[in-house]
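Take a look at the structure below.
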Amino acid sequence: MPDPYAPKKSDKFTFGLWTVGNPGRDPFGDPVREPMAPTYIVKMLSQLGAYGVNLHDNDLVPFGASAAERDRIVREFKAALSDHGMKVPMATTNLFGHPVFKDGAFTANDPKVRAFAVQKTMRSIDLGMELGARIYVMWGGREGVEADACRDAREAIKRYRDCVNFLCDYVRDQKYDVRFALEAKPNEPRSDLYLPTTGHMLAFIETLDHPEMVGVNPEVAHEQMSGLNFHHGIAQAIDAGKLFHIDLNDQKPGRYDQDLRFGSESLKGMFFLVKLLEESGYDGPRHFDSHAYRTEDEAGVWAFAHGSMRTYNIFKDKARRFAADTEIQALLKEAGASNGDGLGAYSREKGKQLKDTTFDVDALARKGLAYEHLDQLVVDLLLGAR
Ligand code: DIG
Ligand code: MN
Ligand code: MN
């Protein structure tokens, strides 16, 4: 019997090369797995049903590689993509690994470091374009501080904006069909990161010269590190027309950035996220920015990858069942879930009418909303009990 949840290319699942290629190093231990060649990752993920891969520049082209070496590596990678029918929807820059970025990249105090970071990003955008990437993610992994005395936080925001504006103008000048997606994180590896949540990013985007070119790439773990309800932030990004990409994974509350397998921890939260993504018509990649437990061998890595995609499809099916469940839908109707009757635009007459209205607030306050029953039906649905 075919698996109804088996991942297929039309699901648009993607993984960063750095995810399944994660060798299992952590701050307290050495790698536990052998490195994987990008061309091998492309083959294996394609066999699992993935749509594509994403990459930082240095996931593919080593830092400091010669132009000839770079061209050979890209040529071989493009051949593997073609052989295995895989896409590269998103690219990004590693502006956090090399020691030169120890004080940040776009926000570093040394203007030469900031200039080098922009140069590296320009070259990485060129690479992304060459591979077919049309979304360019920027995650400011080192854009932060330990010692706040080192710079005025307003200066940091200004530097970040100057670099993003410069890169938007580079893309416009090159006539690249590229949009940027900013990824927030509250801390780690720096003690505090600037622009720590998707909400901060949405506000920052409006201060740019070309805000229409820039959206967000929210990550589940990063928003949950701040104790936020992830899918509420996604709803706001969708409302603003700014959900250009998404990093799916999972996270236990109150821990460091765990980048766990999607759906391995927050079952209800990830159900409502998938329900929102699917019902909103989001048509971008379902990208996993996560990695297998350090306990795993290579077989475990592929179980991680397959599980990530299959769980998404299980939630997608649960969302369909939720929408088709007559008892749930009747409760939602009773509760006025989609009751959009707002006040409408103000008029003097409407304002006067409202001020003259008498409300029976005690009757309104007494109304039971049956959310316990509704939520129990969701739990029953997710546990397979209905
Ligand atoms: C970490 O969450 C960041 C980096 O892995 C990368 O820059 C970005 C791409 O999704 N996410
Ligand atoms: Mn993360
Ligand atoms: Mn991420």
Side-chain angles (χ1 to χ4, degrees), residues 12-23 25-27 41 50 52-60 63 88-98 101 104-106 117 120-121 124-125 127-128 131 133-144 160 163-164 167 178-190 193-198 201 215-226 228 230 233-234 237 243-262 264-266 270 273 284-293 304 308:
K12 292 184 83 172
F13 292 127
T14 60
F15 288 83
L17 290 177
W18 68 91
T19 64
V20 291
N22 183 310
R25 177 189 301 107
D26 70 22
I41 290 174
V53 292
N54 301 307
L55 59 116
H56 302 86
D57 48 351
N58 299 137
D59 295 334
L60 184 65
F63 190 98
V88 179
M90 180 272 276
T92 184
T93 326
N94 186 323
L95 294 178
F96 44 86
H98 194 284
F101 299 125
F106 295 164
K120 191 172 193 283
T121 304
S124 183
I125 292 169
L127 172 62
L131 294 171
R134 293 299 175 266
I135 295 291
Y136 202 84
V137 161
M138 293 190 198
W139 170 59
R142 298 280 178 198
E143 311 300 1
Y160 203 97
C163 291
V164 175
L167 290 161
V178 161
R179 297 190 301 172
F180 290 103
L182 306 185
E183 179 174 347
K185 186 176 180 181
N187 58 69
E188 190 196 33
R190 302 301 298 270
L193 293 176
Y194 300 119
L195 302 169
T197 71
T198 294
M201 286 298 188
V216 290
N217 175 53
E219 178 178 308
V220 173
H222 298 179
E223 303 294 303
Q224 290 188 337
M225 284 169 74
S226 298
L228 299 177
F230 183 70
I234 297 301
L243 186 66
F244 288 6
H245 197 262
I246 193 166
D247 274 3
L248 300 169
N249 55 23
D250 213 338
Q251 178 74 25
K252 287 186 181 209
R255 275 108 168 147
Y256 60 92
D257 183 17
Q258 295 180 298
D259 292 338
L260 296 172
R261 184 179 80 255
F262 178 69
S264 61
E265 290 297 332
S266 326
M270 293 305 99
L273 170 64
R286 277 68 170 162
H287 174 243
F288 299 102
D289 184 5
S290 42
H291 52 76
Y293 304 137
F304 147 80
S308 300

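Atoms considered below: every heavy atom in the structure, side chains included; atoms not considered: hydrogens, waters and symmetry mates. Note that ligands are numbered from 1 as they come in the structure, with each ligand's atoms numbered from 1 the same way. Just so you know, residue 1 is the first one in the sequence shown, and it goes up from there.
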| Closest non-hydrogen protein atom to atom 4 (C) of ligand 1, residue and atom name please, with distance? | His56 NE2, 3.4 Å
| message | Within the 4.5 Å heavy-atom criterion, are Phe106 and Met138 side-chain neighbours or not? | response | yes
| request: Give a yes/no answer: is there an N/O/S atom of Asp259 under 2.8 Å from the Mn ion (ligand 3)? | output: no
| message | Is it the case that atom CZ in Arg25 sees more than 12 heavy atoms from other parts of the structure closer than 6.0 Å? | response | no
| Arg179 charged N/C atom sitting above Phe244 aromatic ring, 6.0 Å / 45° | yes
| query | Between Glu183 and Glu219, is any pair of side-chain heavy atoms under 4.5 Å apart? | reply | yes
| His245 touching ligand 1 at heavy-atom level, < 4.0 angstrom | no
| query | Do ligand 1 and Glu219 have nitrogen or oxygen atoms that lie under 3.5 Å from each other? | reply | yes
| Parallel, tilted or perpendicular: ring planes of Phe13 versus Phe288, cut at 30 and 60 degrees | tilted
| query | Which of the numbered atoms in ligand 1 are below 4.0 angstrom from a heavy atom of Thr92? | reply | 7 (O)
| remark: For Asn54 and His287, the nearest pair of non-hydrogen atoms, with its separation, is ND2-CD2, 2.7 Å
| field | Closest Asp289 atom to the Mn ion (ligand 3) [N, O or S only] | value | OD2
| request: Would you mind listing which atoms of ligand 1 come within a distance below 4.0 Å of any non-hydrogen atom of Asn217? | output: 10 (O)
| query | What residue and atom, counting heavy atoms only, is the protein's closest point to atom 8 (C) of ligand 1, and at what distance? | reply | Glu183 OE1, 2.9 Å
| note | The OE2(Glu219)-the Mn ion (ligand 2)-OD1(Asp257) angle, to 10°, is 90°
| Within less than 4.0 angstrom of ligand 1, does Met138 place any heavy atom? | no
| said: When you compare ligand 1 with Asp247, is there at least one nitrogen or oxygen pair between them that comes in under 3.5 angstrom? | reply: yes
